[in-house]
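Since the structure comes first, as structure tokens, the remarks are kept for the end.
Letters A, B, ... mirror the listed sequences (proteins, then strands); counts begin at 1.
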Number of protein chains: 2
Amino acid sequence: MGEERLSREAILTTALRIVDDEGIDALTMRRLAATLEVNPMSLYHHLPNKAAVLAGLAELVFAGLELPDPGDAVPWQEQLKDAARAYRNALRAHPNLALQVLSDTSAVSEVVVVVVEPFYRALDRGGLSPRQIFEAVNTIIDFIHGFALGETSVRSETFDLAPDLLTRVQDLPAGKAPTLARVVGELGPEGLAYDFDSGFESGLTVLTAGIAAGVRRGR
Amino acid sequence: MGEERLSREAILTTALRIVDDEGIDALTMRRLAATLEVNPMSLYHHLPNKAAVLAGLAELVFAGLELPDPGDAVPWQEQLKDAARAYRNALRAHPNLALQVLSDTSAVSEVVVVVVEPFYRALDRGGLSPRQIFEAVNTIIDFIHGFALGETSVRSETFDLAPDLLTRVQDLPAGKAPTLARVVGELGPEGLAYDFDSGFESGLTVLTAGIAAGVRRGR
DNA sequence: ACCTGAACACCGTTCAAGT
DNA sequence: ACCTGAACACCGTTCAAGT
């Protein structure tokens, strides 16, 4: 118990476990110290404050992300999708941390530089101009961020949203959202059974098609 | 001073002002009560707890959002973009609140039902199937969420990110992100001067093109 | 250099009491 | 019904002191 020297790494590992197990709100400096069987103040010798702990956790989330270069065998569209899938997977590996990661500007911009290479590589192979690449990557990254936000906010009630949506739409004052009501009605409960995986793939299909269209048009 | 009766509405209005002026962290029940010149406990007669205050604020953000039906005069692609612009504008009207709004599942799903109608209407006019509409709307909403997240996280240093990105990329170990380094180098500092408005438009262009491609292909 | 105990200035919320 | 004061069980962090 506590016989090992305290270290930044040990602190962050324990912090990550607390967040994964009990959520971001459970992570307090005092609780963290208690779990490490150490005085709360000892933490401040390894990390300047709580913000630094959170930033350190954001680092950890991306530490595992590695993407092999698939070479020219696979088409650029598929390379792009693979990059997107890997990034999404990194974000949802620690759902309780996703919000923190996504909203910590410094964490994101620090890491985005390395995360972003596979996207650039795919689009470069697709023959896009530097400007087109830059804008397309920003767009797809924003989509992934928004998707991950939705995906990780909903704890694990993945499919419970469908009936909710259906009844909520039907309870609306008549004429408030007529198109929505009709379309949702036509889809029915089974059509609304939302699956995050296929939703993500559907988004990727739209985005790659849109990017390809821009290239073809020579924009 | 305080001669008027306390009300849920008055509490939320004051809370919104605090958040707009000083950020989300400045909003505490005690601080809110002090601003209202009232005992902290009085708040609890109008709102059950702090979470309810935050949820109420999320409501307020969307309260102002109203979108006129442009009719059939304007093409569906432009209708879709207008819906997206209106939604983005609602999210950035109170930047300090955006993160709260986006991460509060109940707030989002409550409001999404009404926010979403213009998107459905545009895509319905575009001749998409119910399934296509459902998926396309989810995708574009996710993009807007991710975009708004980035846009509102960066306080007001809009363009300061460009030189940062450039130097950070150039400081990378050689070969770590070669494509990124080359593309960013070709863009140069002026090419990287990121503008949120044009970045958003660029995303919308990609998305509408991708959606249109899916329709044309009859997917 | 690393760890500690006591203390400061805060939190959200409960509870019993007032009007 | 609405408001209050005192109290409880927490926070992050500073500071002076220990080894």
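When atom types are taken as modelled, the side chain of B:Asn96 and the backbone of B:Ile24 share no donor-acceptor pair closer than 3.5 angstrom. With hydrogens and angles ignored, the 3.5 Å screen pairs no side-chain donor or acceptor of A:Lys81 with any backbone N or O of A:Thr208.
Each of A:Arg30 and A:His45 has a nearest nucleotide on DNA chain C; the 5'-most of these lies closest to A:His45. Where A:Pro48 and A:Ala26 each meet DNA chain D at their nearest nucleotide, the meeting point lying more 5' is that of A:Ala26.
Taking the six-membered ring where tryptophan is involved, the planes of A:Phe200 and A:Phe143 are essentially parallel, since the angle between them stays under 30° and well short of 60°.
Within the structure, a side-chain polar atom (N or O) of B:His46 is placed less than 4.0 Å from OP1 or OP2 of D:dC3.
Counting non-hydrogen atoms under 4.0 angstrom, A:Thr28 reaches the backbone sugars and phosphates but no base. Across all strands, A:Met41 comes closer than 4.0 Å to base atoms (heavy-atom distances).
With a cut-off of 3.5 Å on both pairing distances, the Watson-Crick and G-U wobble pairs of DNA chain D assemble into stems of 3 or more at C:4-8 with D:12-16, C:12-16 with D:4-8.
Taking atom C1' on both D:dC2 and C:dA16, the two are 15 Å apart, rounded to the nearest angstrom.
Between the CD atom of A:Glu37 and the P atom of C:dC3 there is a distance of 14 Å, rounded to whole Å. Atom C1' of nucleotide C:dA1 and atom CG of A:Leu6 are separated by 13 Å, given to the nearest angstrom. A:Asp25 places its CG atom 13 Å from the C1' atom of D:dC10, with the value rounded to the nearest Å. Note: CG (A:Leu43) to C1' (D:dC11) measures 14 Å, nearest angstrom. Straight-line distance from the CG atom of B:Asn39 to the P atom of D:dA6: 10 Å, rounded to whole Å. Here the C1' atom of nucleotide C:dC3 and the CD1 atom of A:Ile11 are 12 Å apart, to the nearest Å. The distance between atom CE of A:Met29 and atom P of C:dC3, rounded to the nearest whole Å, is 13 Å. Per the geometry, CD1 belonging to B:Ile24 stands 15 Å off C1' belonging to C:dC11, to the nearest Å.
The local environment of CD in A:Glu9 is sparse, with at most 12 non-hydrogen atoms from other residues, nucleotides or ligands closer than 6.0 Å.
A:Glu186 and B:Arg131 are not joined by a salt bridge, as no carboxylate oxygen comes within less than 4.0 angstrom of a charged side-chain nitrogen.
Residues B:Leu204 and B:Ile140 have side chains in contact (heavy-atom distance under 4.5 Å, counting atoms from C-beta outward).
Looking at A:Thr13 and A:Arg17, their side chains never bring a donor and an acceptor atom within 3.5 Å of each other.
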